[in-house]
Amino acid sequence: MASQYYQEMQESFKNNNKSREFAAHTAKVHSVAWSCDGRRLASGSFDKTASVFILEKDRLVKENNYRGHSDSVDQLCWHPTNPDLFVTASGDKTIRIWDVRTTKCVATVNTKGENINICWSPDGQTIAVGNKDDVVTFIDAKTHRSRAEEQFKFEVNEISWNNDNDMFFLTNGNGCINILSYPDLKPIQSINAHPSNCICIKFDPTGKYFATGSADALVSLWDVEELVCVRCFSRLDWPVRTLSFSHDGKMLASASEDHFIDIAEVETGEKLWEVQCDSPTFTVAWHPKRPLLAYACDDKEGKYDNNREAGTVKLFGLPNDS
């Protein structure tokens, strides 16, 4: 028996399953993220820039392009409670904090290696950045100075605080989830989550679950309190690169090199919808208030007549008649 939520969302997506694309960059988009109030979407690209869009009713309107990095912008995220600040991680061995009100770079923080992942602590006080050498640096968001630096003996993929800000999670190349206490960074537990490389991790907004995606093409859902796996989602065939929970924590989007994004109902594991894509998907992000999904794919140059396609941001969940 399908849940009421399932039926409601099926009905909703039947009327709102349009995707639209917006020119954002001159090369592929690695990362998309919404500001906490949902008014803006930021994207980071191989073209060394970040772009910010304003969400107007059913479309994204480009507000600004942020230049300054001298290498690819691999990941970005917004301040958890201030909708004006976001931070970018780049291969140029810096992170940059930007303010959309002044469109300026507030701070450039030099780090030791080529940065590939970044997250902002739920209390807004610390930014953690991971580099290609498996070093995670914890940076004070106010003073922009490094508070701590940890070198790990395994391949660090994605990093995240829990919603309570008292634990720090890393997914690693051996299929494990490593959990450290925060702020003292003492190892609490290592969970053997997947038989192969554990790639991405996301916490749901309600704080009940977190999800991990792996090279084995599985997404696993974990109970935050018990640290046990509650269920697996297995509709993808390729390594899971990116995950996002909807604002109510009831939907989970996951994507890979498969030519669709899977949208699952969290509590049952059932497929709510799939978003068709022409190419592998790098990044997905649910809007913080509405069932709108931003995503970016590996738009191949030359697959279309015009090169503009290489670097678009896409939005799914728009009304079919829009």
Side-chain angles (χ1 to χ4, degrees), residues 13 16 18-22 24-25 28-45 50-55 58-63 66 73-83 85-89 98 100 116-120 122 158-161 163 199-206 209-213 219 236 240-256 260-264 266 272-275 277 280-299 311-318:
F13 287 140
N16 302 278
K18 188 167 169 180
S19 281
R20 198 178 267 173
E21 56 182 50
F22 304 89
H25 294 276
K28 60 184 69 154
V29 177
H30 288 305
S31 181
V32 293
W34 294 97
S35 57
C36 59
D37 62 0
R39 283 193 59 222
R40 287 181 171 87
L41 180 79
S43 56
S45 164
S51 283
V52 171
F53 293 85
I54 301 252
L55 177 65
D58 294 323
R59 63 195 187 114
L60 292 170
V61 179
K62 194 154 179 188
E63 183 181 49
Y66 292 81
V73 176
D74 278 349
Q75 206 175 34
L76 53 77
C77 62
W78 291 82
H79 187 290
T81 53
N82 179 342
L85 297 178
F86 69 97
V87 62
T88 48
W98 310 86
V100 296
I116 47 177
N117 45 43
I118 195 159
C119 59
W120 210 310
E158 204 161 52
I159 51 179
S160 179
W161 274 269
N163 299 18
I199 300 170
C200 47
I201 183 166
K202 276 289 179 296
F203 282 77
D204 98 69
T206 71
Y209 299 120
F210 65 91
T212 54
V219 174
L236 296 170
V240 182
R241 287 181 176 172
T242 175
L243 297 166
S244 180
F245 281 97
S246 57
H247 67 97
D248 54 8
K250 291 180 176 176
M251 290 189 284
L252 179 62
S254 47
S256 63
F260 67 90
I261 298 166
D262 184 79
I263 299 179
V266 170
L272 275 171
W273 204 262
E274 60 182 44
V275 181
C277 308
T281 302
F282 285 122
T283 175
V284 295
W286 282 108
H287 187 273
K289 293 173 182 168
R290 293 166 56 185
L292 272 182
L293 186 72
Y295 61 104
C297 301
D298 181 5
D299 300 323
T312 58
V313 167
K314 299 176 174 65
L315 203 53
F316 161 80
L318 301 169

If you take all heavy atoms of [X] and [Y], which pair is closest and at what distance?
X	Y	value
S35	P288	O-CG, 3.4 Å
D74	S31	O-CB, 3.7 Å
L76	A50	CD2-CB, 4.3 Å
C77	A33	CA-CB, 4.5 Å
T312	A296	O-CB, 3.9 Å

I'd like to check [X] versus [Y] (side-chain heavy atoms, cut-off strictly below 4.5 Å). Are they in contact?
X	Y	value
L252	I263	no
K314	C277	no
T283	H30	no
P291	N16	no
I118	V87	yes
F22	R59	yes

**OP:** Apply side chain to side chain contact (heavy atoms under 4.5 Å, CB included) to K18 and list each qualifying residue two or more places apart in sequence or on a separate chain.
**Re:** R20, L318, N320, S322

Subject >> Set of residues satisfying ring pair (Phe, Tyr, Trp, His ring centres under 6.0 Å) with respect to Y66, sequence neighbours excluded >> reply: F86, W98

Under a 3.5 Å distance rule, please check whether [X] uses its side chain to pair with a backbone N or O of [Y] as donor and acceptor.
X	Y	answer
T242	V284	yes
Q75	A89	no
S51	A24	yes
S45	K28	yes

Out of curiosity, [X] [atom1] to [Y] [atom2], how far, rounded to the nearest 0.5 Å?
X	Y	atom1	atom2	value
F203	L243	CZ	CG	12.0 Å
F53	S43	CZ	OG	5.0 Å
S244	M251	OG	CE	9.5 Å
I116	E158	CD1	CD	10.0 Å
I261	C297	CD1	SG	6.0 Å
T281	D262	OG1	CG	11.5 Å

**OP:** List the steps and the verdict of side-chain contact (heavy atoms from CB on, under 4.5 Å) for L55 and L315.
**Re:** CA-CA 10 Å; L55 177 65; L315 203 53; 4.0 Å; yes

Original post:
Can W78 and D37 be said to form a side-chain contact (heavy atoms from CB on, under 4.5 Å), step by step?
Top reply: CA-CA 10 Å; W78 291 82; D37 62 0; over 6 Å; no

**OP:** For side-chain contact (heavy atoms from CB on, under 4.5 Å), just list the numbers for C36 and N82, CA-CA rounded to whole Å, side-chain angles, deciding distance to a tenth of an Å, and then say yes or no.
**Re:** CA-CA 7 Å; C36 59; N82 179 342; 6.0 Å; no

Original post:
For R39 and I54, what are the C-alpha separation, side-chain angles and deciding distance, and is it a side-chain contact (heavy atoms from CB on, under 4.5 Å)?
Top reply: CA-CA 6 Å; R39 283 193 59 222; I54 301 252; 4.0 Å; yes

**OP:** Kindly state each residue pair satisfying side chain to side chain donor-acceptor pair (under 3.5 Å) with at least one member in residues 284-293, sequence neighbours excluded.
**Re:** none

Subject >> F316 and its ring-ring contact (aromatic ring centres under 6.0 Å, His included) partner, picked from F13, Y295, F260 >> reply: F13

